[in-house]
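All residue numbers refer to positions in the sequence shown, counting from 1. All ligand and atom numbering here is 1-based and tracks the order in the structure. Computed from a predicted structure; not experimentally measured.
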Amino acid sequence: MLKLISVLILFVSSVFGYFTLPGKCPENVQLQSEFRLADFFNKWHQVYHYSSDEQQLNNCSVLELSTRPDGIYLNQSRVDRGLFHRYSIGKLEIPTTIEDAARLDVTFHFKDQPRRLVNRRYPFRVLATNYNYYATVYTCEYSPLIDKHFIYVWILSRNPILNDVSKELAIKPLPRIGVDSKRLVKDDLSKCTPKYYEDRKAEPMTFRYPVKMFT
Ligand SMILES: *[C@@H]1O[C@H](CO)[C@@H](O)[C@H](O)[C@H]1NC(C)=O
Ligand SMILES: *[C@@H]1O[C@H](CO)[C@@H](O)[C@H](O)[C@H]1NC(C)=O
């Protein structure tokens, strides 16, 4: 009983810490028009990010799309505490209509979990990109339990340094999801060689809430 209560307290406090923005996720958000997934492949560096819970749980994050025989996968890699190189692999769900092309979802598969937690699906929405320099992507999760949401924004760059013009274009769509570009955090890409190299699969840090809560 005590154990159950402490689990419950942990659950409730993590919900409150994670979901901090009032109400539902932004609706009817205008995304990149005529998004071309084929041009979005290969590596992207996370050069700025915004996490509505203000936690920074990854450094030197690189996102990479690649094709496997059974579909298209997103590999999100990072350096943990300057020590470990880790990555998470999610499968992309490709929208069937051209109008919805930028409305991607990514599903992470967790073995050895209760059945309802094995597959966790999160939105991965492309707000803007010019494919060669910058991309602005966001995810959002809503908790009906406390009527609050969580937003994470990636400002991605093909090169480790994003030029000023591209940065302006990348941050332009942020008001559509109610994010103030002043709150973006610049990623430090100067210490991206981990001390101990451990190329290991791990839980994604940008999609942390285990239950699919997006509506
Ligand atoms: C994911 O990306 C990282 C960094 O590029 C790489 O080291 C790792 O091997 C990749 N994992 C898979 C399964 O492709
Ligand atoms: C990210 O890097 C900073 C500075 O190098 C370090 O203090 C912090 O612990 C790192 N965070 C993670 C989650 O690796």
Give me the nearest non-hydrogen protein atom to [atom] as residue plus atom name, then the distance to 0.1 Å.
atom	answer
atom 1 (C) of ligand 2	Asn59 ND2, 1.5 Å
atom 12 (C) of ligand 1	Asn75 ND2, 3.4 Å
atom 4 (C) of ligand 2	Lys191 NZ, 4.2 Å
atom 14 (O) of ligand 2	Arg81 N, 2.5 Å

**Asked** Does the ring centre of Tyr138 sit less than 6.0 Å away from the ring centre of Tyr50?
**Response**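 When the ring centroids of Tyr50 and Tyr138 are compared, they turn out to be at least 6.0 Å apart.
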
**Request:** Would you check whether Val79 reaches within less than 4.0 Å of ligand 2, judged by its heavy atoms?
**Result:**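 Yes.
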
**Asked** Does even one non-hydrogen atom of Asp80 get within less than 4.0 Å of ligand 2?
**Response**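 Yes; Asp80 lies near enough to ligand 2 that a heavy-atom distance drops under 4.0 Å.
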
**Prompt:** If we ignore angles and hydrogens, is there a donor and acceptor under 3.5 Å between the side chains of Ser51 and Asp53?
**Reply:**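 A pair is found: one side chain offers a donor N or O, the other an acceptor, under 3.5 Å apart.
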
**Message:** Between Tyr87 and Glu64, do the side chains contain a donor N or O and an acceptor N or O under 3.5 Å apart?
**Reply:**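 No - no donor-acceptor pair under 3.5 Å links their side chains.
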
**Item:** Heavy-atom closest contact (Tyr131 atom, Arg36 atom, distance)
**Value:**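 In terms of heavy atoms, the two residues are closest at OH-N, 2.9 Å.
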
**Request:** State, to 0.1 Å, how close Leu189 and Cys60 come at their nearest heavy-atom pair, and which atoms those are.
**Result:**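 Minimum heavy-atom separation between Leu189 and Cys60: CD2-CA, 4.0 Å.
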
**Request:** Run the numbers for me: atoms of ligand 1, each under 4.0 Å from some heavy atom of Ile89, listed by number.
**Result:**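 So the atoms of ligand 1 that pass are 12 (C), 13 (C).
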
**Message:** Using a 4.0 Å cut-off to any heavy atom of Ser77, which atoms of ligand 1 qualify?
**Reply:**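 Ligand 1 atoms under the 4.0 Å threshold to Ser77: 3 (C), 4 (C).
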
**Asked** About how many Å separate OH of Tyr48 and OG of Ser157, when rounded to the nearest 0.5 Å?
**Response**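 Rounded to the nearest 0.5 Å, the OG-OH separation comes to 9.5 Å.
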
**Message:** For the 3.5 Å polar cut-off, considering only N or O atoms, please tell me whether Arg68 and ligand 1 meet it.
**Reply:**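 N/O-N/O distance below 3.5 Å does not exist for this pair.
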
